[in-house]
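Note that the coordinates shown come from a computational prediction; the quantities given were computed from them, not determined experimentally.
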Amino acid sequence: MDTVANNRSAAEADGKDTTLIYRQSRWTRLTHWIWAFSLFFMLLSGLQIFNARPQLYIGKQSGFEFNNTILQIGAENTANGPRGFTEIFGHRFDTTGVLGWSGLPGQETPRAFPAWATIPSYYDLGTARVVHFFFAWILTTTLLVWLIASLVNGHIRRDLAPRVSDLRKLPRDIVDHAKLKFHHTREYNTLQKMAYGGVLFVLLPLMIVTGLAMSPSMDSVLPWLNEILGGRQTARTIHFTVMVLLVLFFIVHILMILAAGPINELRSIITGWYRTDPPAKHDQSTERSA
Ligand code: HEM
């Protein structure tokens, strides 16, 4: 059955002392790839939407008369020609070539995020919004499917819910990760539980809620949503910050997969089967006969 961890010995097959277990259910695998695909399109279309107004504010209002800009990406004329800049909390950085001023040599234009990072690559707010909202609904539906399936098949309780023993293992886990020492077991380690739980229960829901709060049509359906998030401009800033955190998660996620053994990790998230570490010498007989 899908949710049961069927152990089977692979030792006979390749002469190695390792075991393949069924680790990821078909619901985990299917939803994982749908949200990974959706987030890719949402990120690139979102950056195009951001380019239409490359400033972030805190508070309910925005405009020349307010001093509440916390991030700004733009271009300016200098003695050395046009330069791109990024300003965060009043600190200005020269980001020419990537943020603010970018393009092929001799064809640079003022744009917050460069053409290679946006969908479409040329300026087209309408298309970007269509793509963004289309994948937003796919992502929301996929997360709901993941939640229901993972409650029913016990994935949340068994694999993601942190236990007291996980907290005890945390310092050791941090040291092991720092040394790139990975244990290939059926269970997620403490840092994985925290990272995956953080993405699935905090970042993605916050992304959806702040996205809804930005939509004027939500004013009549959920008028309080905008209010509790501190206004539409603050919701937009939170939305952008969550995007940055998801991108950071993604980079670390991929680095960890590469470090832990990409073939084994990819097999588990594509087929479900995962090769665990050889059992400790004293319990080899039990593992082999499982
Ligand atoms: C936006 C992109 C992505 C996000 C948000 C994401 C997020 C996640 C989350 C939350 C889990 C845990 C799922 C669960 O247990 O229900 C997971 C597992 C996993 N993801 Fe991703 N992922 C992304 C992209 C990718 C990509 C591109 C790859 C492969 C190159 C990948 C490979 C894996 C693997 C191998 C696992 C299982 C890890 C393990 O069993 O130790 N992910 N991912």
Side-chain angles (χ1 to χ4, degrees), residues 27 30-32 34-74 88-89 111-113 117-120 122-152 156 197-250:
W27 290 108
L30 183 70
T31 51
H32 176 273
I34 298 178
W35 75 53
F37 188 76
S38 305
L39 282 169
F40 171 78
F41 283 96
M42 292 196 66
L43 171 65
L44 272 63
S45 55
L47 297 182
Q48 166 81 251
I49 297 170
F50 175 87
N51 275 2
R53 186 163 184 95
Q55 280 112 16
L56 292 178
Y57 313 92
I58 289 287
K60 297 194 174 158
Q61 283 129 332
S62 62
F64 292 121
E65 66 271 36
F66 300 102
N67 185 17
N68 56 355
T69 311
I70 61 155
L71 178 134
Q72 188 182 358
I73 303 178
I88 308 172
F89 292 110
R111 48 179 298 151
F113 285 97
T118 65
I119 287 180
Y122 49 89
Y123 181 71
D124 183 351
L125 180 59
T127 305
R129 284 167 59 96
V130 170
V131 172
H132 202 72
F133 300 150
F134 174 75
F135 283 105
W137 286 116
I138 293 196
L139 178 73
T140 309
T141 312
T142 306
L143 275 180
L144 275 177
V145 170
W146 176 87
L147 185 65
I148 294 166
S150 302
L151 282 170
V152 172
I156 293 180
V199 167
L200 291 158
F201 293 107
V202 182
L203 295 186
L204 291 177
L206 197 54
M207 195 65 141
I208 294 168
V209 169
T210 49
L212 287 175
M214 274 187 279
S215 163
S217 57
M218 277 293 134
D219 283 354
S220 51
V221 187
L222 304 170
W224 44 266
L225 189 59
N226 211 318
E227 213 42 53
I228 57 167
L229 286 167
R232 195 160 288 139
Q233 292 304 335
T234 309
R236 182 169 176 252
T237 298
I238 299 173
H239 200 72
F240 188 91
T241 309
V242 173
M243 176 278 289
V244 173
L245 293 176
L246 279 173
V247 170
L248 291 179
F249 163 82
F250 176 72

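- Note that CE of Met207 and CD1 of Ile238 are 11.5 Å apart. Values are rounded to the nearest 0.5 Å.
- Scanning for salt bridge (charged side-chain N to carboxylate O under 4.0 Å, His left out) contacts around Asp219 gives Arg232, with sequence neighbours left out.
- With sequence neighbours excluded, the residues satisfying side-chain contact (heavy atoms from CB on, under 4.5 Å) with Ile208 are Thr140, Leu143, Leu212.
- In plain terms, the two heavy atoms of Ile119 and Ala128 that are nearest each other are O-CB, 3.6 Å.
- Residue pairs meeting the ring pair (Phe, Tyr, Trp, His ring centres under 6.0 Å) criterion with at least one member in residues 197-243, sequence neighbours excluded: Phe50-Phe240, Trp146-Phe201.
- Residues forming a side chain to side chain donor-acceptor pair (under 3.5 Å) with Gln72 (at least two apart in sequence, or on another chain): none.
- Thr118 places a side-chain N or O within donor-acceptor distance of the main-chain N or O of Pro120, the cut-off being under 3.5 Å.
- Residues Thr127 and Gln48 have side chains not in contact (no heavy-atom distance under 4.5 Å, counting atoms from C-beta outward).
- The shortest distance between side-chain heavy atoms of Thr237 and Thr210 does not fall below 4.5 Å.
- For the pair Thr142/Leu30, no side-chain contact is recorded, criterion being any heavy-atom separation below 4.5 Å from C-beta on.
- When side chains are defined from C-beta on, Phe135 does not count as touching Phe40, because their heavy atoms never get closer than 4.5 Å.
- In this structure, CG on Asn226 lies 10.0 Å from CE on Met214, to the nearest 0.5 angstrom.
- Applying the side-chain contact (heavy atoms from CB on, under 4.5 Å) criterion to Ala136, with sequence neighbours excluded, gives Met42.
- Taking the side chain as every heavy atom from C-beta outward, Leu203 and Val242 approach each other to under 4.5 Å.
- For Tyr123, there are no ring pair (Phe, Tyr, Trp, His ring centres under 6.0 Å) partners two or more places apart in sequence or in a different chain.
- The minimum heavy-atom distance linking Ala112 with Ile73 is given by the pair CA-CG2, 3.6 Å.
- The two residues Ser38 and Ile138 have their closest heavy-atom pair at OG-CG2, 3.5 Å.
- Considering Val247, Leu139, Leu44, Ile34 in turn, Leu139 is the only one that fulfils the side chain to side chain contact (heavy atoms under 4.5 Å, CB included) rule with Leu39.
- Thr234 contributes a side-chain N or O that, together with a main-chain N or O of Gly59, makes up a donor-acceptor pair within less than 3.5 Å.
- Contact record, Ser220 with Pro223: O-CD, 3.9 Å, taken as the closest heavy-atom pair.
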side-chain contact (heavy atoms from CB on, under 4.5 Å) evaluation trace for Ile148 with Trp27 | CA-CA 10 Å; Ile148 294 166; Trp27 290 108; over 6 Å; no
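- With rounding to the nearest 0.5 angstrom, the OG atom of Ser45 is 11.5 Å from the CG atom of Asp124.
- Under a 3.5 Å cut-off, the side chain of Asn68 and the backbone N or O of Tyr57 do not form any donor-acceptor pair.
- The two residues Trp35 and Leu200 make their nearest non-hydrogen contact at CH2-CD2, 3.4 Å.
- Interatomic distance, CG of Leu151 versus CD1 of Ile156, reported as 4.0 Å (0.5 Å rounding).
- A heavy-atom distance below 4.5 Å is found between the side chains of Leu125 and Ile49.
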